[in-house]
Amino acid sequence: MDLPGSVGNAARDSGPTGRRDAAILIVDDAPDSLATLRAQLAAHGYQTFVAQSGERALELARRVHPDLILLDIMMPGMDGYETCRQLKAHPVTQRIPVIFVSARTETHDVVAGFDLGAVDYIRKPLSLDEVCARVRTQLQIRASSETQQEQAERLRTIVDNMAEGLLIIEANGRIQFTNPACDQYLGYGANELAGRYIGDLLNPLVAQEYLDYFARYAANPTEAHSHGTREVIIRHKHGQSVCMDLTLTPMFLRQPLFIGLLHDITHHKLSEDALQRAAMVDPLTKIANRRHFDSFLEKEWQRALRTGAPLSLVVLDVDHFKLYNDTLGHAGGDVCLRQVAQAIGTHALRVTDLAARYGGEEFVLLFAETDLDAAANLAESIRAHIEELRLPHPKSPTSAWITVSIGVATMHPTQLDNIETLFVAADRAMYAAKEGGRNQVRATRPGDDGIEALRTLAHR
Ligand SMILES: Nc1nc2c(ncn2[C@@H]2O[C@H](COP(=O)(O)OP(=O)(O)OP(=O)(O)O)[C@@H](O)[C@H]2O)c(=O)[nH]1
């Protein structure tokens, strides 16, 4: 009988403390030798299994997964060498340490044993204490290598499954490793990024900044600290840009290395952009709001200062709008403002033009690099466009339709001027249009003499 009474899965289970005794399979065709070894090992607290042939040893090893195998070489049928070869060839048993126990003591026998993957070789006749000492040592080695392997596997599982992208980068910017999340974020297959350089992913200026930081760290690893988290635009494999938070931490593992953690913030970015856009738009009419217009005007003003180009401001006010609201209701007034805004917006065609609702029923347009005549002509087409909308204004003393009064002012700004001057001039021109009978455009150049300078372009 080869098996001890307790063989089976129960014998291999963990005890209540979670620790199980090491199990040793002893393979020897000589019953005496088997019995002696077994008694000795059992006395040291090991669980033992015995087999008297190579074939039986293979079968048992696959079933009970012993922690160690003591294997005789000379056996009838399959000898110890062949048994060892087959143990090492099978995935279930290949990692079980094998110690040869043999009366064959020639060096080439011992070498052949090691060549087959044995971890030790004990010569017969046996010194039982020596056997126990060698068994104990091998079990300790196995336990510690198993622990290391488990730790490595645990780490690997974490790295493979984490949501953040992970990159290991060398000091020269070469990517050494990426995890699956990183590959997926950036559109690459497994191992495809390894060997590439961060310059392949980042814009040249940002990549250079990182390379400078790497070089500083490599020159003085003890002084360096984490580069912190920063928002970067990374090139996806298929060309599009992805917005990510990148956290870089330096570490020294035989060489200076940098651990990069990538966190996808495209979604935050999209909502941030949407918020930013919303902050620039008038909620009722969906054209630019006053805040956006003011900052746009400030930029164009500065540009006009540099280039000396003319800057034209158009101020537009809906005529008798209070009366319109009183007649058709506030909601009707809102609809009208939307239609007027839409019409105005269609006249701001160049990137240097902007139409905005400045407040209430007042609208403004900026035409950069546009002189007074051109701006006045544009204003006149806006006036005509709105009149042609034929939005009924039943009680208006000016027209049966909605009309607007428009003031235009043009300046070649100098350092001595300010934006206020341009606004005041356009406002005065607009009020002159109101006073002149509404539904008309008046234009002026600040600096010309007051109301006389206003030119009537279209007076109906
Ligand atoms: N429906 C609506 N009305 C608004 C809005 N903002 C301002 N108004 C109204 O627009 C009207 C502007 O009236 P006024 O400034 O007195 O001038 P007006 O009636 O347009 O007359 P003139 O400018 O002299 O032609 C006021 O009644 C405001 O309540 C808005 O968002 N929606």
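Order of appearance sets the numbers: ligands from 1, and atoms from 1 within every ligand.
In this pair, His236 and His238 present their aromatic rings tilted. The plane angle is within the 30 to 60° band.
The CG atom of Asp264 sits 10.5 Å away from atom CD of Glu164, with the distance rounded to the nearest 0.5 Å. Atom CG of Leu316 is separated from atom CD of Glu361 by 9.5 Å, given to the nearest 0.5 angstrom.
Within 4.0 Å of ligand 1, protein heavy atoms belong to Leu284, Asp317, Val318, Asp319, His320, Phe321, Lys322, Asn325, His330, Gly333, Asp334, Leu337, Arg357, Gly360, Glu361, Lys434, Arg438, listed by chain and number.
His393 contributes a side-chain N or O that, together with a main-chain N or O of His320, makes up a donor-acceptor pair within less than 3.5 Å. Judged purely by atom type and a 3.5 angstrom limit, Arg142 uses its side chain to pair as donor or acceptor with the backbone of Arg95.
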>> Determine whether Phe258 and Tyr210 satisfy the following criterion, ring pair (Phe, Tyr, Trp, His ring centres under 6.0 Å), listing intermediate values before the conclusion.
In response: CA-CA 10 Å; Phe258 302 86; Tyr210 277 115; 9.3 Å; no

